[in-house]
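Since the structure comes first, as structure tokens, the remarks are kept for the end.
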Amino acid sequence: MLVQFMLKNVLSFKDETVLDMTAVNAYKEHEYNLIYNDDTKERFLKVAAIYGANASGKSNLCLAMDYFQSILLESFNNVDDGEMNAIEEYYRPFSFEDDKENSEFQIIEILGDFEYKYGFEYNNECVVSEWLYRKNIKTNRTSTVFERVTNSVRFGALVRKECDVYKEQIPLETLVLSFFNRLKLKTKVFNEIYSGIMDTLVIPTNLYENPAILNKHLPHIINNDKEKLIKFLSAIDTGIKDISYDDSEKDIQFYTIHIGKDKKEYKLNLFYESEGTIKSIIFFIYARNAILNNKSIFVDELNIKLHPLLLKFIIDLFYDKNSTAQLIYTTHDTTLMDKKFFRRDQIWFVQKDEFGYSKLTALSDFRVRSDASFEKDYLSGVYGGIPLIKEFEMKEGK
């Protein structure tokens, strides 16, 4: 479960920026929107909606999570092979300053009985620092797994005996976590936090344009969970009564079944369906994975191609009382920006100033009247995160 994600000097976010999924204790509305932790007595958000104007930087939050995962995945792969290493490839500091400072990521996650805090600071040449701490949420005791400064690593008592022998072998451009995740050790602490981070799903804006996702996952769902998929497609009013596939040729073909006015069945190639339907099926694949396996999911521009009622339907899937899955999504659609649907700590805004600096703020950071209309105040500029429209006339020059 995601508790917090921090980035600094990444893309348009120059200053330290924190997305915090911890619920505000003072808020009592929409208790079903929360995940309860019996050990810590804390509550965490199941859904966070991030609003912002075009080019405000809200998509960069999703992209930053993708970079964070990519560095972790690839930093041990390209050593000594002559290719660009991961920290060089994914070093994307704030662009509008001459001095390029280090970038930084940190994540806090609860996995089982432990809370992990992991992060690193880097530039295009080396990992500057890296750290991993583990807190037992039953005893509230925190232990250091490791702390690193460039080529010097200090291991905590938890792993020191196993790991000290390897500490001189870790390249400057390789993350300690990536390195030890690949080794077969008795301790599983590296595998646990690595898997926890990589289990976060990041979905790009153009997900409905990628048939590879369908080719990889849809046959399995049709074979094993088609009834649930058909119920989902029926619930969102697609008119689809059945779905099948044919893999007898090189390329898999998917077909939907519709019932005509004459009560006959008519087969349609899936890719003749609307983009909204295709996106909904692909999102069903991701949401099913997240909800069944208690994963977090970042979705950029979730509202694109979806009717507001369908958007609400999809969001409500994540309020399953038996799951700790979390949905973090960016959007322009203000239809659901309403106290009837969201708590104040679930709504976030990204505002970019005239010099290109993006800033993330939560609605809970503002003093909000009890009778306030979130949408009306947002569109009037009270919370920021809207485009700064200037006067412009479309006239032909003289």
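Reckoned from all heavy atoms, side chains included, excluding hydrogens, waters and symmetry mates.
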Check: Is the NZ atom of K14 crowded by more than 12 outside heavy atoms at less than 6.0 Å?
Finding: yes
For salt bridge (charged side-chain N to carboxylate O under 4.0 Å, His left out), just list the numbers for E147 and R154, CA-CA rounded to whole Å, side-chain angles, deciding distance to a tenth of an Å, and then say yes or no. CA-CA 5 Å; E147 293 175 328; R154 183 181 69 84; 2.5 Å; yes
On a heavy-atom basis, the closest approach of D316 and K312 is OD2-NZ, 2.7 Å
Practice prompt. Take N215 and Y245 through the side chain to side chain donor-acceptor pair (under 3.5 Å) test and state the conclusion after the steps.
Written response: CA-CA 10 Å; N215 293 341; Y245 69 95; over 6 Å; no
**Asked** Is a side-chain donor or acceptor of R288 paired with a backbone partner of L229 at a separation under 3.5 angstrom?
**Response** no
Exercise. Same hydrophobic cluster for L175 and F179, using side-chain heavy-atom links shorter than 4.5 Å among ILVMFWY?
Worked result: yes
Taken in chain and number order and not counting sequence neighbours, the residues that satisfy ring-ring contact (aromatic ring centres under 6.0 Å, His included) with F190 are F180
Quiz prompt | Q346 side-chain N/O to V47 backbone N/O, donor-acceptor pair under 3.5 Å | solution = yes
When every non-hydrogen atom of A53 is compared with those of S56, the smallest separation belongs to O-OG, 2.8 Å
Inset, instruction - For the pair S103 (side chain) and Y122 (backbone), establish whether a donor and an acceptor sit closer than 3.5 Å, ignoring hydrogens and angles. - result: no
### Message
Would the distance check show the side chain of R43 and the main-chain N or O of L45 forming a donor-acceptor pair, the cut-off being under 3.5 Å?
### Response
no
ask   = Counting only heavy atoms not in K295, do more than 12 sit closer than 6.0 Å to its NZ atom?
value = yes
From the list L327, T200, V202, side-chain contact (heavy atoms from CB on, under 4.5 Å) partner of S296 resolves to T200
Going by chain and number, the hydrophobic cluster around F355 (ILVMFWY, side chain to side chain under 4.5 Å) further includes F94, F96, Y357
Side chain to side chain donor-acceptor pair (under 3.5 Å) filter on S244, not counting sequence neighbours, yields none
Practice item. For residues Y32 and K321, determine if any side-chain heavy atom of one lies less than 4.5 Å from a side-chain heavy atom of the other. Key: no
- Query: Looking at side-chain heavy atoms only, is the closest gap between V128 and E104 below 4.5 Å?
  - Reply: no
Per salt bridge (Lys or Arg N to Asp or Glu O under 4.0 Å), D242 is matched among K226, K267, K231 by K226
(message) I want to check something: taking the side chain as every heavy atom from C-beta on, are E301 and T330 in contact at a cut-off of under 4.5 Å?
(response) yes
In Y91, Y90, F105, F298, the residue satisfying ring-ring contact (aromatic ring centres under 6.0 Å, His included) with Y67 is Y90
With sequence neighbours left out, the residues meeting side chain to side chain contact (heavy atoms under 4.5 Å, CB included) with T142 are Y133, K135
(message) So that I know where these two stand, are Y116 and Y118 an aromatic pair - ring centroids less than 6.0 Å apart?
(response) no
Minimal heavy-atom distance between V153 and F146, with the atoms involved, is CG1-CB, 4.3 Å
Residues K352 and S358: closest non-hydrogen pair is CE-OG, 3.6 Å
Rounding to 0.5 Å, atoms OG1 (T22) and CD (E42) come to a distance of 6.0 Å
Could you tell me whether the side chain of S178 and the main chain of S75 form a donor-acceptor pair under 3.5 Å? no
- Query: Within a strict 4.5 Å, meaning less than it, do heavy atoms of the E88 and E173 side chains meet?
  - Reply: no
Checklist entry - Under 4.5 Å between any side-chain heavy atoms of L214 and F271, yes or no? => result yes
Check K46 with D320, please: is the shortest side-chain N to carboxylate O separation under 4.0 Å?
no
Contacts of Y329 meeting side chain to side chain donor-acceptor pair (under 3.5 Å) (sequence neighbours excluded), chain-then-number -> none
Has the side chain of N136 got a donor or acceptor atom that lies under 3.5 Å from a matching backbone atom of F114? no
Closest non-hydrogen atoms of Y27 and R344, given as atom of the first, atom of the second and distance, are CD2-NH2, 3.2 Å
Exercise for the section: Using a 4.5 Å cut-off on heavy atoms from C-beta on, say whether the side chain of K339 contacts that of E29. Expected result: no
Ignoring hydrogens and geometry, is there a side-chain-to-backbone donor-acceptor pair from N289 to L292 under 3.5 Å? no
Salt bridge present between K8 and E121 (N-O < 4.0 angstrom): no
Same hydrophobic cluster for L317 and I230, using side-chain heavy-atom links shorter than 4.5 Å among ILVMFWY?
yes
According to a hydrophobic-cluster definition based on side-chain heavy atoms being under 4.5 Å apart (Ile, Leu, Val, Met, Phe, Trp, Tyr only), do V127 and I107 belong together?
yes
query = Can you tell if the side chain of L268 reaches within under 4.5 Å of the side chain of E273, non-hydrogen atoms only?
reply = yes
L63 with L72, same ILVMFWY side-chain cluster at under 4.5 Å: yes
Quick one: does E162's side chain have a donor or acceptor within less than 3.5 Å of a partner on T187's backbone? yes
Show your working on side chain to side chain donor-acceptor pair (under 3.5 Å) between D345 and S364 and close with a plain yes or no.
CA-CA 5 Å; D345 47 7; S364 55; over 6 Å; no
Determine whether a donor-acceptor pair (N or O, by modelled atom type, separation under 3.5 Å) exists between the side chain of K58 and the backbone of Q351.
no
In this structure, CG of N303 is separated from CG of L310 (nearest 0.5 Å) by 11.0 Å
So OH of Y319 and NE2 of H30: to nearest 0.5 Å the spacing works out to 8.0 Å
Answer with yes or no whether the hydrophobic clustering places F5 together with I35; edges join I, L, V, M, F, W, Y residues whose side-chain heavy atoms lie under 4.5 Å apart. no
Pairs under 3.5 angstrom only: tabulate donor-acceptor contacts from the side chains of residues 247-255 to other protein residues two or more places apart or in another chain.
unit_1	atom_1	unit_2	atom_2	d
S248	OG	D246	OD1	2.7
S248	OG	D246	OD2	3.4
Q253	OE1	N269	ND2	3.2

When you compare the side chain of T324 with that of F44, does any pair of heavy atoms fall below 4.5 Å? no
CD1 of I328 to CG of L201, rounded to nearest 0.5 Å, is 10.0 Å
| Is D262 atom CG crowded by more than 12 heavy atoms from other residues, nucleotides or ligands, each under 6.0 Å away? | yes
- [ ] Say whether T238 and T277, considering side chains only, have a donor N or O and an acceptor N or O under 3.5 Å apart.
- [x] no
Check your understanding: With distance as the sole test, does K41 use its side chain to make a donor-acceptor pair with the main-chain N or O of D38 at under 3.5 Å?
Key -> yes
Practice problem: Please say whether more than 12 non-hydrogen atoms of neighbouring residues, nucleotides or ligands are located less than 6.0 Å from NZ in K228. | Solution: no
Between D39 and N37, the two heavy atoms sitting closest are N-OD1, 3.0 Å
